[in-house]
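Below, each value reflects all heavy atoms present in this structure, side chains not excepted, and no hydrogens, waters or symmetry copies. Below, read A as the first sequence line, B as the second, and so on, with proteins coming before strands; counting in each chain starts at 1.
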Amino acid sequence: MTYFKLRSVLLTATALTAGMSATTLAAQENPIDKVSPVTDEMLLNPPDGDWLMWRRTYNGWGYSPLDQINKENVGDLQLAWSWAMTPGRTQETPLVHDGIIYIQNSDQTIQALDGASGDLIWEYQYDLPDDVEPRGVRNKAIYQDKLIVATRDAHLIALDTKTGQLVWDKTVANHTFGYNFTSGPMVVNGVIVQGMTGCGGGQPGGCFFTGHDVNTGEEIWRINTIAQGDSPESNTWNGVPVESRYGASAWIPGTYDPEQNLIFAGVGQPYPWNTEIAGLTPPSSDPNVTNEALYTNSTLAIDPSNGELKWYHQHLPTDSLDLDYVYERLLIDLPVDGTTRKMAVTTGKIGIIEALDRETGEYLWDVETVPQNVVLSIDPETGDKTINPEVIPVIGETTFNCPADPGGRAWQATAYSPRTEALYLPTVEFCSNTTVNPLDPGAIYTGGGLQTYSRVEHPDGDGNIGQVRAINLNDRSEMWQYRQRPPVTSSTLPTGGGLVFVGSLDRKFMAFDDETGEKLWESGKLSSSLESFPITYEAGGKQYVAITANFASGLGRLASLTPEVKLPANDPITLFVFALPD
Amino acid sequence: MSSALAVAVLSAGPIRGDEPEFFERPSAPNQWTFGRRLDESQLRYCVDPRDPDWEVATAIADALAQGLLLEPQRYVIDSEYVSEDITKVYAILLEHCDIHMGFKLIPGSYSDWAMLTRAYYEADYVFVTADPDINALDDLAPTRPIGATLGTAAHIRLVSYLTALPAEERWPAFPMGTNDLALTSLLNGTVDVALVWAPTLWAKQREDSAYAGLRIIDPAPLPPTTLGVGAIMLSNETFLRAALDEAISALSADGTITDILAEYGFPARVEQ
């Protein structure tokens with residue numbers, strides 16, 4: 001039984017202390033009162049000072065035009081305020097609208113804070129079932145007067161942005177089968193689009209995207225991420241029936257092209273990772289079946305109004321190494337061979353940047369970044385990859401692959417700046433000795449995707465595991481590269497001030513010159529590693545930069561490569577907000 | 001069972017999942033609040049009703065406590081999850097019990113935060129069918145599918161064997177996420193043979209007549225896949241593990257555990 005309760009903290013009421021004059025009250029007007037409804041027009045063209053969705057804009061750039069903090073003054077940046085969140089593990093992206101910052105704690109407490117002061121305005125405690133482990137969710141959405149939140153037990157809820165009061169609560173899937181949300185939704189033309197994850201061994205058939213009415217939460221469409229039924233795509237599972245198809249999680253939000261009314265979203269790998277165990281190899285002798293396992297590791301172009309799949313492109317068929325192509329698709333228009341193309345640009349765990357024509361799905365180009373030994377070559381016309389057979393895990397052997405899970409770039413998002421026409425990537429260089437192992441230690445408990453990754457430094461590396469890479473997307477050349485020993489563990493944040501902010505495992509938040517890569521500012525040591533999504537916003541006419549310090553999954557697993565980096569055992573989470581001095 | 005298998009601890013732990021949500025370093029809510037307990041006169045053990053052997057495990061744990069002159073304190077896990085990551089056990093051990101019954105001794109399958117006792121019984125993965133004409137795996141025609149419980153030691157052994165065969169001689173091996181799903185696929189005709197943990201078949205046949213017609217066949221040409229089952233505990237409980245290993249040895253030798261297995265008609269045996 002799940003219980004929901006409202007724990008609104010009405011700070012205006014708290015301020016109504018005896019003896020406080022009317023003048024004082026007027027001077028301390030609650031900033032939540034000025035919050036306006038978020039319209040479709042705002043989502044299409046967000047106010048400069050807002051951060052209204054996961055990567056700020058529908059095109060997924062993760063770029064803010066704010067320039068109050070810039071190359072000349074970033075050296076003066078200092079802590080404005082901080083907010084301790086519920087300890088645990090999360091990958092938080094705050095939302096900001098009209099100076100109010102909305103955050104989701106790992107225990108699913110949702111809070112609204114004054115973006116200028118950090119004062120709590122309201123909070124709502126969503127009570128997870130006792131058997132659901134509390135962990136954060138990457139992002140939220142905002143539409144009209146509703147904050148849309150995904151929970152770890154596969155619910156979607158809507159809260160009133162001004163009061164925190166629950167508006168509706170919908171169960172999307174049964175969490176006891178493993179379904180859960182690690183990312184939140186996006187809202188397009190009044191339709192909530194949400195991807196499902198956790199489609200491992202508990203229930204076959206894979207994951208799905210769903211569309212929901214924003215006013216009620218009612219599901220209006222669903223599209224499976226594993227091809228099913230009588231279709232050519234369904235015949236790509238080596239003859240394995242739907243009852244034996246697992247994985248294809250949709251665990252990263254999509255981006256949206258209003259011109260085409262299409263969402264572009266990624267799908268993860270098949271499960272388990274070992275293709276022999278998954279039944280995908282050895283290839284079937286049936287001439288009517290293949291083993292690419294669609295739509296795993298694909299870009300899907302989906303109509304958000306009805307869930308119709310317009311086209312797909314599979315980046316990595318028959319994945320055997322947990323090398324998802326699930327991450328953000330950035331919508332960028334730049335010349336290719338002299339002609340401007342409307343592109344969807346994505347980078348998978350292998351660290352290869354790939355561009356598709358987002359109108360047709362046609363493959364355009366690719367750029368390698370981190371050292372890798374998985375892909376031997378890429379067909380320049382089709383994007384088809386030739387995989388190194390020596391890295392494919394085999395039962396009874398140990399193979400060596402670079403990179404390994406969690407990837408040369410993990411879920412920490414890349415970002416694009418229109419100032420420099422560059423893509424900024426947080427990357428890591430490492431390899432793995434990979435062995436296949438059973439996952440049946442307990443009747444209920446499982447242990448792994450069937451492969452153990454014993455991670456090691458790259459044999460030709462210089463000891464610097466973390467990097468920030470700036471790739472010019474006009475000519476696909478590397479503009480600059482910053483290298484350091486600790487893994488770079490946050491998403492990148494380019495701004496109109498000519499800066500790129502990023503965080504690292506060793507608790508540091510940094511700002512770089514977006515053109516040269518010169519490090520212009522570095523915070524002191526924060527409370528934990530920075531494995532989240534930095535944002536910038538405006539409150540009261542002043543620019544702030546915010547990042548959550550937290551230990552999370554993904555690149556946090558590379559801590560074993562840098563034992564000299566000490567992190568706290570109790571997984572503290574703190575929202576740090578920086579600003580220039582007044 | 002060799003005693004070497006009683007210590008299945010490696011530093012490189014497995015990770016699970018279809019997205020990077022899993023950690024070599026497990027965590028539990030408020031984990032820093034759990035200190036060393038003061039009452040050393042009890043054996044706090046966990047059993048899980050989702051585990052087919054949980055009643056048998058309860059009886060064995062009570063016997064172990066009695067053998068160690070400790071008061072047994074049972075904690076019954078209450079969860080409806082079909083499948084969970086093993087790091088969840090970390091939180092259970094911190095909060096509820098010294099040992100959790102019912103974990104297979106598989107070298108290399110546990111991270112360094114956990115360790116196991118020696119096995120208190122051994123059981124098999126078994127091939128099961130409803131087809132009266134199939135008495136051994138060898139009787140199954142190459143085109144007819146096997147539904148194998150995904151990722152188990154027996155599934156890996158089966159796949160290794162199949163990979164070595166010419167393509168035209170292979171049985172299709174369909175991975176099934178759980179033992180229950182493998183047995184369901186057998187009942188609904190998706191597969192002709194299921195590969196499942198014998199205690200699961202035993203439990204299903206006790207509680208549901210739909211499974212009564214299923215029977216175990218000879219695994220030939222494959223050898224049987226047998227695994228020891230013990231209790232898991234936090235890796236700093238070295239003294240307790242030594243005591244439990246001694247107790248398991250004693251109760252194995254004097255027939256106590258054999259008697260418990262016989263009382264339930266449980267498909268397992270004791271290593272002497």
Notebook entry, point to check: Under a 4.5 Å heavy-atom cut-off, does chain A meet the side chain of B:Thr190, its backbone, both or neither?
Noted result: side chain

Notebook entry, point to check: Relative to chain B, which of A:Gly279, A:Pro282, A:Ser106 shows the most heavy atom pairs under 4.5 Å?
Noted result: A:Pro282

Checklist line | Heavy-atom contact with chain A under 4.5 Å, split by part of B:Ile92 | finding: side chain

Note to self: Rounded at 0.5 Å granularity, tell me how far CZ in B:Arg170 sits from OG in A:Ser284.
What the structure shows: 9.5 Å

Check: OG1 of B:Thr178 to CD of A:Gln203: how many Å apart, nearest 0.5 Å?
Finding: 9.0 Å

Check: Going from OH on B:Tyr81 to CD on A:Glu133, what distance comes out if it is rounded to the nearest 0.5 angstrom?
Finding: 9.0 Å

Next item on the list: Please check if the side chain of B:Lys88 supplies one atom and the backbone of A:Asp131 the other of a donor-acceptor pair under 3.5 Å.
Entry: yes

Next item on the list: Could you pull out the closest heavy-atom pair between A:Ser244 and B:Phe174, with the gap in Å?
Entry: OG-CB, 3.2 Å

Margin query: For a quick test of reading the model, state the closest non-hydrogen atom pair linking A:Tyr246 to B:Pro175 and the distance between them.
Written below: CE1-O, 3.7 Å

Margin query: Between A:Thr176 and B:Val82 (side chain of the first, backbone of the second, donor and acceptor by atom type, cut-off under 3.5 Å), is there such a pair?
Written below: no

Check: Which region of A:Pro270, side chain (C-beta onward) or backbone (N, CA, C, O), has a non-hydrogen atom less than 4.5 Å from a non-hydrogen atom of chain B, or is it both or neither?
Finding: neither

Next item on the list: Sort A:Val132 into side chain, backbone, both or neither according to what part of it lies under 4.5 angstrom from a heavy atom of chain B.
Entry: both

Check: Rounded to the nearest 0.5 Å, what separation is found between the CG atom of A:Asn274 and the CD1 atom of B:Ile156?
Finding: 7.5 Å

Note to self: Just verifying a value: how many Å separate A:Glu243 CD and B:Asn188 CG, rounded to the nearest 0.5 Å?
What the structure shows: 6.5 Å

Next item on the list: Carefully, step by step, assess B:His155 and A:Ile277 under the rule side chain to side chain contact (heavy atoms under 4.5 Å, CB included).
Entry: CA-CA 7 Å; B:His155 186 198; A:Ile277 306 300; 3.5 Å; yes

